[in-house]
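Note that this is a predicted model, so its numbers are computed, not measured. Residue numbers count from 1 along this sequence.
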Amino acid sequence: MFRSLLVAVLVGCAFGVETKVEGQKLAPAYGLQAGNGICSYQDTCSAGGIEGVCVSISSGCCSGTVTSGLCPGSSDIKCCTNNACSTPSGSGTCKQTSACSGTSVPGYCAGPGDLQCCVNTAPPPAPTCSYQATCSVNYIEGVCVSVSDGCCTGTTTSGLCPGSSDIKCCTSNGCNTPIGSGTCLQTSLCTGTSVPGYCTGPGDLQCCVGGSPPVPPTPTATQYGIDISQTLSSSTASCLVSNGNSFVIPRGFCSDGTIDSKICNSLNTAYAAGVKTRDTYLFPCPTCSSSANSQLTTLVNYLNGNCKAAWSGRVWLDIEGSQYWTGNTNNNRAWYQSLVDACHNNGITCGVYSSASQWSAIFGDRNYAYGSEFPLWYAHYDGNPSFSDFSAFAGWSTPHAKQYDGDVSFCGMNVDRNYSPSF
């Protein structure tokens, strides 16, 4: 989510007093502190096509270019152009706003309203580090970057990113902006000012300047659950139930095109502990030789043959991680459509897990819609167990569930935490 940056500056009030002499209206005299005296301008002037003001030179009112013969009054009153100025946003030159290629800051130049301090503001530097994927630690969103390349000055966590061991999850990365230093944080958790363009990552990961550390809301009961990729123990399952969690979604199919052998153990354990809903998710392999239909039916046949009673009957199609797909949006769409069709053709109850950013990265357009008749389980690690942040995409206007916190320790196990009023 890109947002524009508004920098507010607190300035003293310029004041103008109109007087009449023999029925003629004179230019207002604007007071502005400059050097050791109060400078007022008698008139406007122009030198070399540049607007300026007629001021007293002996009073030290001009640190720019002085031109004689362009102003009324004594010989001490001269035309001052390109006068220097200083603002909280930086130093600059007094120019007409129409001629300023930087940022015009009012209140720091003697003259009419369109003569303002022009501060040269360079655009944010392009991030020098690329990120491989997004990640999350304790509800804080991060990016998978190379640690050896010096891409993380924040907290690094191993085991959450694809690729070599050098690629780690970087959270709370440091950042520097024209308005101050901060920490790379998702905009929904920033209690200060979010400044775009200074953090490696998706659009909602921006430099948070000021504010206090974010505090996630505390879930209450029954509308919460977890998804996991490790074996669920009986003690964790009991803890989940005791803490009001009503659903568990273990991984059933891996990105390498194979069954996750832990799936039935986890489903049976959740079933025995009294967890209400026990779905599974399929992490597809679009680059494998086996078809989408084959991968889905292989998983369902395995569940029906080994733990049918413990499985609630739904398969969530995990659509994320463009690095796991074909690299071509048209091919990705075709493969995904065949996966959705396989759900219908085989009478399998399915749902879709994704996010707008992942959807766009894989299919090239957040508005591309296929399979929107299935319920949506979306991901946004903002620590907020509600749908208040949801923005429609891909044909979904209402979600079924939200993954609001990723890879956190809960009930003695690393899990992703989820909210849903519908499970």
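Contact of the Lys95 side chain with the Asn82 side chain is registered, since non-hydrogen atoms from C-beta on lie closer than 4.5 Å. A heavy-atom distance below 4.5 Å is not found between the side chains of Lys276 and Phe247. A heavy-atom distance below 4.5 Å is found between the side chains of Thr87 and Val119. A heavy-atom distance below 4.5 Å is found between the side chains of Val340 and Glu373. Contact annotation: the side chain of Tyr368 never approaches that of Thr329 to less than 4.5 Å [non-hydrogen atoms, C-beta and beyond]. Contact of the Tyr324 side chain with the Thr287 side chain is not registered, since no non-hydrogen atoms from C-beta on lie closer than 4.5 Å. A heavy-atom distance below 4.5 Å is found between the side chains of His400 and Phe423.
With respect to Asn330, the side-chain contact (heavy atoms from CB on, under 4.5 Å) criterion is satisfied by exactly one of Thr326, Asn332, Asn328: Asn328. For the ring-ring contact (aromatic ring centres under 6.0 Å, His included) with Trp316, the qualifying choice from Tyr353, Phe283, Tyr281, Trp377 is Trp377, the only one to do so.
The SG atoms of Cys80 and Cys62 sit under 2.5 Å apart. With Cys144, the cysteine Cys169 has an SG gap of 2.5 Å or longer. With Cys307, the cysteine Cys264 has an SG gap short of 2.5 Å. Cysteines Cys129 and Cys151 are disulfide-linked, with SG atoms closer than 2.5 angstrom. By the SG-distance test at 2.5 Å, no disulfide connects Cys94 to Cys85. Between Cys254 and Cys285, a gap of 2.5 Å or greater is found separating the two SG atoms. Disulfide status for Cys79 with Cys54: absent, SG atoms not under 2.5 Å apart.
Contact detail for Val143 and Pro202: the closest heavy-atom pair is CG1-CD, 4.1 Å. Contact between Ala47 and Thr67 at its shortest, heavy atoms only, is CB-OG1, 3.8 Å. When every heavy atom of Ser146 is checked against every heavy atom of Asp166, the shortest pair comes out as OG-OD2, 2.6 Å. Listed here is the closest heavy atom pair of Cys350 and Leu296: SG-CD2, 4.5 Å. The two atoms that bring Ala394 and Ala369 nearest to each other are O-CB, 3.4 Å, heavy atoms only. Here the shortest heavy-atom pairing between Leu115 and Glu51 reads CD1-O, 4.1 Å.
In this structure, CD in Gln206 is found 5.0 Å from OG in Ser194, a value given to the nearest 0.5 Å. Residue Glu320 holds its CD atom at 7.5 Å from OG of Ser354, rounded to the nearest 0.5 Å. With values rounded to the nearest 0.5 angstrom, Ser355 atom OG is found 6.5 Å from Phe393 atom CZ. Considering SG of Cys411 and CG of Leu240, their distance stands at 4.5 Å, rounded to 0.5 Å. The line from CG of Asp279 to CG of Asp227 is 11.0 Å long, rounded to the nearest 0.5 Å. One finds the CG atom of Leu299 at 9.5 Å from the CG atom of Asn304 (value rounded to the nearest 0.5 Å).
Taking the centre of each ring, Tyr378 and Trp359 stay at or above the 6.0 Å mark.
In this structure a side-chain-to-backbone donor-acceptor pair under 3.5 Å is present from Arg333 to Phe363. Put simply, the side chain of Thr177 never gets that close to the backbone of Val195: no donor and acceptor are under 3.5 Å apart. Looking at Lys168, its side chain does come within 3.5 Å of a backbone N or O of Ser165 through a donor-acceptor pair. Between the side chain of Thr153 and the main chain of Gly174, a donor-acceptor pair closer than 3.5 Å is present. Put simply, the side chain of Ser238 never gets that close to the backbone of Ser235: no donor and acceptor are under 3.5 Å apart. The backbone N or O of Tyr370 lies less than 3.5 Å from a partner atom in the side chain of Tyr336, making a donor-acceptor pair. Without hydrogens or angle criteria, Trp396 side chain to Phe374 main chain gives a donor-acceptor distance under 3.5 Å. Not a single donor-acceptor pair under 3.5 Å links the side chain of Asp318 to the backbone N or O of Leu282. Side-chain atoms of Arg278 come within 3.5 Å of backbone N or O of Ala310 as a donor-acceptor pair. With Ser266 contributing its side chain and Leu232 its backbone, the two residues share a donor-acceptor pair below 3.5 Å.
A donor and an acceptor atom, one from each side chain of Ser386 and Asn384, are located under 3.5 Å apart. No hydrogens or angles considered: nothing links the side chains of Tyr419 and Asp405 as a donor-acceptor pair under 3.5 Å. Side-chain N/O atoms of Thr258 and Asp256 include a donor and acceptor closer than 3.5 Å. Side-chain N/O atoms of Thr97 and Asp114 include no donor and acceptor closer than 3.5 Å. Side-chain contact, Asn346 with Thr297: no donor N or O sits under 3.5 Å from an acceptor N or O. In the model, Ser233 has a side-chain atom that pairs as donor or acceptor with a side-chain atom of Thr236 under 3.5 Å. Inspection of the Asn83 and Ser63 side chains reveals an N or O donor paired with an N or O acceptor under 3.5 Å.
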CA sep, side-chain torsions, deciding dist, call: Cys207, Val209, side chain to side chain contact (heavy atoms under 4.5 Å, CB included): CA-CA 6 Å; Cys207 190; Val209 180; 4.1 Å; yes
Worked verdict on Val300 versus Trp311 for side chain to side chain contact (heavy atoms under 4.5 Å, CB included): CA-CA 10 Å; Val300 171; Trp311 174 42; 4.2 Å; yes
Trace of the side chain to side chain contact (heavy atoms under 4.5 Å, CB included) decision for Cys343 with Leu317: CA-CA 10 Å; Cys343 293; Leu317 311 178; 4.0 Å; yes
Full working for side chain to side chain contact (heavy atoms under 4.5 Å, CB included) between Arg417 and Asn245: CA-CA 10 Å; Arg417 303 203 65 181; Asn245 288 262; 4.1 Å; yes
Step-by-step side chain to side chain donor-acceptor pair (under 3.5 Å) determination, Asp260 to Tyr302: CA-CA 10 Å; Asp260 188 330; Tyr302 181 87; over 6 Å; no
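Ion pairing between a basic and an acidic side chain is recognised when a charged N comes within 4.0 Å of a carboxylate O; Lys402 and Asp389 show such pairing.
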